[in-house]
Novice: 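Below: one structure in structure tokens.
Position 1 is the first residue of the sequence, and the numbers go up from there.
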Amino acid sequence: MKGEGVNLVAICLVAAIGLSLYVGRMQAAVTLPPEDKQLKRQFYKKMNTCVNVEAFVKHQVQLSWAKDKSITAKLLKLLYADCLVNGCDASILLEGPGTEKKAPQNRRLDGFALIDNIKRTVESRCPLVVSCADILNLAVRDALHLAGAPSYPVLLGRRDGKDSRAKWVDLPPPSISWEKGVDYFKSKGLDEQDYATLLGAHTMGKAHCSSIYDRLYNWRNTKKPDPSMSKALSEKLRQQCPKVVVPKKDPTVFLTDKNGEQYRFTNNYYSNVLSHDSVLRADQELLYGYNTSQLVLEYAGSFEQLRRQFSLSVSRLGGLKVLTGTDGEIRQNCRFTNPTQLLH
């Protein structure tokens, strides 16, 4: 009995330590980045400079989403490409031969036309007041809500950057390991929970066949498919992405086939990770880290938990290295910095 008592205490102690570690992980991503403190809810309404800006943005996003459900994924990619490179300063929107937009990782970005439409609408009512960076963050929130994610308050007051350089772009490849993916996020001011959560955006996305040819035909120079991919998925993708590449053609496949062309925000992505049906290796890698695998299990089992945490993680993403006060500018046109005579 004495031995059993000792064993019981030991088991309880191990369980308590495990629970404390798990709770610690769950509490990791509960605050916004320190730079975010300068941002405010309903910033333009409180400043009385553009009271209805959120309604203007929402209306334009609704019009776009009604015609093209993929706009949610496109806008999310823009936010990701903007905030993780040089902070959320709308530098991804700037045109030019050496801008971030021209980097190889960004060559397929889309959604710029919608941001232009929103900016024109806002400028006609509130000239040189609302930043392109704030417009992008608001548009992402509204598009996510239309796709099935919860609406959430967007803190505002960002200003736009004046520079954009392709050499700054260091976005990770689609086959990155979970360790390197987490390290990359941490280097930007996010954490492990943000990484596992924000990858869930792939529930609405597509991938080009060129990004998965290695998984299908020659994983790590073995001339065999990636063994971490289910045989059924591998065979299906081989039909969609034939080995013989047609010049100038690069077909696309849905990252979460269950959602398909509806582009709905669901937790099907995490179920795919569990069943080894992830199209991208970076997604499948979530199963190999302890904390990330626990989050996969949690989100696969609770869509509501995913919805809550995704809202927080995308808010944390939108608060990275923001410009406020007199830093940067308020662009008149999101594609170009202001002429020198404009002082906003």
Side-chain angles (χ1 to χ4, degrees), residues 35 38-39 43-44 47 49-50 52-61 63-64 68 71-143 154-171 317-344:
E35 314 93 275
Q38 300 301 316
L39 304 180
F43 174 81
Y44 300 102
M47 299 293 288
T49 52
C50 198
N52 296 315
V53 61
E54 295 196 36
F56 299 152
V57 174
K58 184 176 182 179
H59 180 63
Q60 292 299 319
V61 172
L63 292 175
S64 180
D68 177 16
I71 193 63
T72 305
K74 292 172 182 176
L75 291 175
L76 266 171
K77 287 181 182 178
L78 280 182
L79 188 70
Y80 173 86
D82 186 42
C83 297
L84 285 179
V85 172
N86 194 43
C88 300
D89 63 351
S91 54
I92 189 61
L93 304 178
L94 288 173
E95 294 284 356
T99 59
E100 294 167 43
K101 188 184 290 189
K102 300 300 182 181
Q105 300 96 314
N106 292 332
R107 68 183 183 277
R108 293 193 176 105
L109 289 179
D110 204 346
F112 299 103
L114 174 56
I115 299 301
D116 290 339
N117 289 340
I118 296 172
K119 183 61 171 173
R120 280 193 294 268
T121 300
V122 173
E123 283 296 303
S124 69
R125 293 161 172 81
C126 316
L128 289 173
V129 169
V130 182
S131 69
C132 300
D134 276 347
I135 285 173
L136 178 56
N137 276 268
L138 287 170
V140 166
R141 185 268 309 274
D142 294 336
V154 175
L155 302 182
L156 302 171
R158 297 170 188 78
R159 288 171 67 84
D160 300 321
K162 297 181 180 181
D163 199 4
S164 179
R165 302 184 186 184
K167 66 180 181 181
W168 292 342
V169 179
D170 60 350
L171 299 173
L317 174 66
L320 295 177
K321 295 178 65 177
V322 295
L323 301 175
T324 58
T326 58
D327 293 333
E329 64 181 6
I330 304 297
R331 284 184 219 144
Q332 188 176 48
N333 183 327
C334 291
R335 293 177 182 259
F336 305 99
T337 56
N338 290 336
T340 54
Q341 63 266 30
L342 292 178
L343 300 178
H344 293 270

Novice: Please name the pair of heavy atoms, one in I115 and one in A139, separated by the smallest distance, quoted to 0.1 Å.
Specialist: CD1-CB, 4.3 Å
Novice: With side-chain contact (heavy atoms from CB on, under 4.5 Å) as the criterion, how do N106 and L171 come out once you've worked through the C-alpha distance, each side chain's angles and the decisive distance to 0.1 Å?
Specialist: CA-CA 9 Å; N106 292 332; L171 299 173; 3.5 Å; yes
Novice: Take L156 and V154, measure what side-chain contact (heavy atoms from CB on, under 4.5 Å) needs, and give me the verdict at the end.
Specialist: CA-CA 6 Å; L156 302 171; V154 175; 3.7 Å; yes
Novice: Does NZ or CZ of R331 come closer than 6.0 Å to the centre of the six-membered ring of F336, within 45° of the ring's axis?
Specialist: no
Novice: Please determine if E329 and R159 form a salt bridge, counting it only when a charged side-chain N lies under 4.0 Å from a carboxylate O.
Specialist: no
Novice: Applying side-chain contact (heavy atoms from CB on, under 4.5 Å), run through I118 and V61 and close with a yes or a no.
Specialist: CA-CA 8 Å; I118 296 172; V61 172; 4.1 Å; yes
Novice: Mark yes or no for whether S64, through its side chain, and Q60, through its backbone, hold a donor-acceptor pair below 3.5 Å.
Specialist: no
Novice: Looking only at heavy atoms, what is the nearest atom pair of A90 and A133, with distance?
Specialist: CB-N, 3.6 Å
Novice: I'd like to check L109 versus K101 (side-chain heavy atoms, cut-off strictly below 4.5 Å). Are they in contact?
Specialist: no
Novice: Apply side-chain contact (heavy atoms from CB on, under 4.5 Å) to residues D142 and V57 and explain how you reach the verdict.
Specialist: CA-CA 8 Å; D142 294 336; V57 174; 3.8 Å; yes
Novice: Looking only at atom types and distance, does a side-chain atom of S91 sit under 3.5 Å from a main-chain N or O of G161, one as donor and one as acceptor?
Specialist: no
Novice: Determine yes or no for a side-chain-to-main-chain donor-acceptor pair under 3.5 angstrom, with R107 supplying the side chain and P104 the backbone.
Specialist: yes
Novice: Minimum heavy-atom separation for E100 and D163, please, with both atom names.
Specialist: OE2-O, 4.4 Å
Novice: Heavy atoms, side chains only, cut-off 4.5 Å: are L78 and F112 in contact?
Specialist: yes
Novice: Within a radius of less than 6.0 Å around NZ of K74, do more than 12 heavy atoms belonging to other residues, nucleotides or ligands occur?
Specialist: yes
Novice: Do any N or O atoms from the side chain of T99 and from the backbone of L94 form a donor-acceptor pair under 3.5 angstrom?
Specialist: yes
Novice: Is the backbone of C88 close enough, under 3.5 Å, to the side chain of D82 for a donor and an acceptor to pair up by distance?
Specialist: no
Novice: Between D160 and K162, is the closest basic N to carboxylate O distance under 4.0 Å?
Specialist: no
Novice: Do K167 and V169 have side chains that get closer than 4.5 Å, going by heavy atoms?
Specialist: no
Novice: Should F56 and V130 count as side-chain neighbours, where that means a heavy-atom distance under 4.5 Å?
Specialist: no
Novice: Nearest heavy-atom pair of C50 and V122: which atoms, and what distance?
Specialist: SG-CG1, 4.4 Å
Novice: Under a 4.0 Å threshold between the charged nitrogen and the carboxylate oxygen, would E54 count as salt-bridged to R141?
Specialist: yes
Novice: Given side chains that start at C-beta, do those of D116 and R335 come closer than 4.5 Å, heavy atoms only?
Specialist: yes
Novice: Is it the case that Y44 and D134 place a side-chain donor and acceptor less than 3.5 Å from each other?
Specialist: yes
Novice: I'd like to know if the side chain of T49 reaches the main chain of V129, judged simply by a donor and an acceptor atom lying under 3.5 Å from each other, with no hydrogens or angles considered.
Specialist: no
Novice: Before accepting this row, confirm whether a basic side-chain N of the pair D89/K321 lies closer than 4.0 Å to the acidic partner's carboxylate O.
Specialist: no
Novice: Checking S131 side chain against R158 main chain: does a donor-acceptor pair fall under 3.5 Å?
Specialist: yes
